[in-house]
Amino acid sequence: MTLTLRATALWLAALALPTVAAAGDATRAAFGKLPDGGAVEAVTLRNDHGVTARVITLGASLQSLTLPDRHGKMADVVLGYPAASTYITQPQYFGATVGRFANRIAKGQFTLDGKHYQLPINDGPNSLHGGTKGFDKVLWTITRVSKGPAPSVTLRHVSPDGDQGYPGTLTVDATYTLDDNNQLTIDYRATTDAPTIVNISNHTYWNLGGEGSGSVLDDVLTIPADHFTPVDATLIPTGEFRAVAGTDYDFRQGKPIGRDIRDGKEPQLLQGHGYDMNWVISRHKAAKARLVARVADPHSGRVLSLYSAQPGLQFYSGNFLDGTSVGKSGRIYRQGDAFVLEPQIFPDTPNQPAFGSARLDPGQTYDNRIVYRFSVEGAAH
Ligand code: BGC
């Protein structure tokens, strides 16, 4: 009897212990202040393998992701800043949710139901990633935090009618879920009260060797796409679907990112200062998420497999990281120190009838589920 009571008491005491280090956890904390005084919060998800993903309310951004290498050594594999304010003073879209329209819209113009719309011009003559104050630069609201074997956080942003020139009130939810198969899923969903255009993606910069550890050009990238959409000098698609066969854009069998990147014979690589292009995974959105890219770091053994149902994949080789940003570990980020993979519809779709449609009507739900699956491979070097 005494023993049973004692056991029960111990068991109750264990239940009352702080849950910070427990498996399947989600903890909420302050992350610092923006230059305008706005308070940024962070939610850190942890699975039972000790993998953690930290999401901040600024831009519903993935601020850190720690992963084991082939020896079990943990490293933070996404680029970012240690302080909230630097995300505003030196914006790079690190980890950010990009919208309302990820990627470029030519001259920031489009027509919907006969009406002409003008968006902010913030990238040469074009509008990039939703305009001067896109989703990456606003504070989202945490609407749900859940613990358990697959901890998750949901953030919401309501973009008012006319925000950055886009029509319709757009209500956007971003849910990050970390499961115990070392898989991070982002679910983007949006609804509108008037016809509009939408294309939301995530802009995490990955360095599977650890952020600040140097170049990613040895990473072996596979993209299962037969075609890409070449661009003009301002990085707007020309409208052509070009076969990757025989070009530097052929990643179907997997090749190191850096193998052909200095190929001076390829004007597209010159225009983008490296890879900065949309690959055609399929002409239309698929019924469900399928593999759209795989990246393996031969040094650490870490592997990222990316799944999405979106028709396009923007692969950007961190070309404009110019040595002016100091990251979380106090190290400088330079050109080629990260890669970005953004599942989305094709750039400039609102102005390119052959690319399909970016339209969202009231009563419909936009969704983009992006799954990042992490694993390790290979023998030690
Ligand atoms: C674009 C790049 C751009 C970068 C900004 C990418 O999605 O393709 O051209 O410089 O975002 O971080």
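Numbering of residues begins at 1 and proceeds along the displayed sequence. Ligands are counted one by one from 1 in listed order, and the atoms in each one are counted from 1 as well.
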So, [X] side chain and [Y] main chain: donor-acceptor pair closer than 3.5 Å or not?
X    : Y    : answer
Q271 : D232 : yes
N207 : V216 : no
R100 : S159 : yes

I'd like to check whether H129 has a polar contact with ligand 1, where a contact means an N/O of the residue lying under 3.5 Å from an N/O of the ligand. yes
Hey, is ligand 1 close enough to H203 that some N/O pair sits below 3.5 Å? yes
Can you confirm whether or not the ring centre of F346 sits under 6.0 Å from the ring centre of W279? no
[X] heavy atoms, cut-off 4.0 Å: which ligand 1 atoms fall inside?
X    : result
Q314 : 8 (O)
Y316 : 2 (C), 4 (C), 10 (O)
Q92  : 12 (O)

Applying side chain to side chain donor-acceptor pair (under 3.5 Å) to D193 and T169, what does each step give before you reach the verdict? CA-CA 6 Å; D193 65 358; T169 309; 2.9 Å; yes
Would one find more than 12 heavy atoms of other residues, nucleotides or ligands at under 6.0 Å from atom NE2 of H116? yes
For [atom], what is the nearest protein heavy atom, given as residue, atom name and distance?
atom                    : value
atom 3 (C) of ligand 1  : R104 NH2, 4.0 Å
atom 10 (O) of ligand 1 : F320 CD1, 3.3 Å
atom 5 (C) of ligand 1  : Y93 CD1, 3.8 Å
atom 7 (O) of ligand 1  : E342 OE2, 2.8 Å
atom 2 (C) of ligand 1  : D276 OD2, 3.1 Å
atom 12 (O) of ligand 1 : Y205 OH, 2.9 Å

Report yes or no: does a heavy atom of F94 sit under 4.0 Å from some atom of ligand 1? no
So, 4.0 Å and heavy atoms of V340: is ligand 1 close enough to count as a contact? no
Test item: D218 and D297 side chains (from C-beta on) under 4.5 Å apart, heavy atoms: no
Side chains of S325 and Y81, donor plus acceptor under 3.5 Å: yes
Stepwise side-chain contact (heavy atoms from CB on, under 4.5 Å) test for L178 and R46: CA-CA 7 Å; L178 179 66; R46 177 191 297 270; 5.5 Å; no
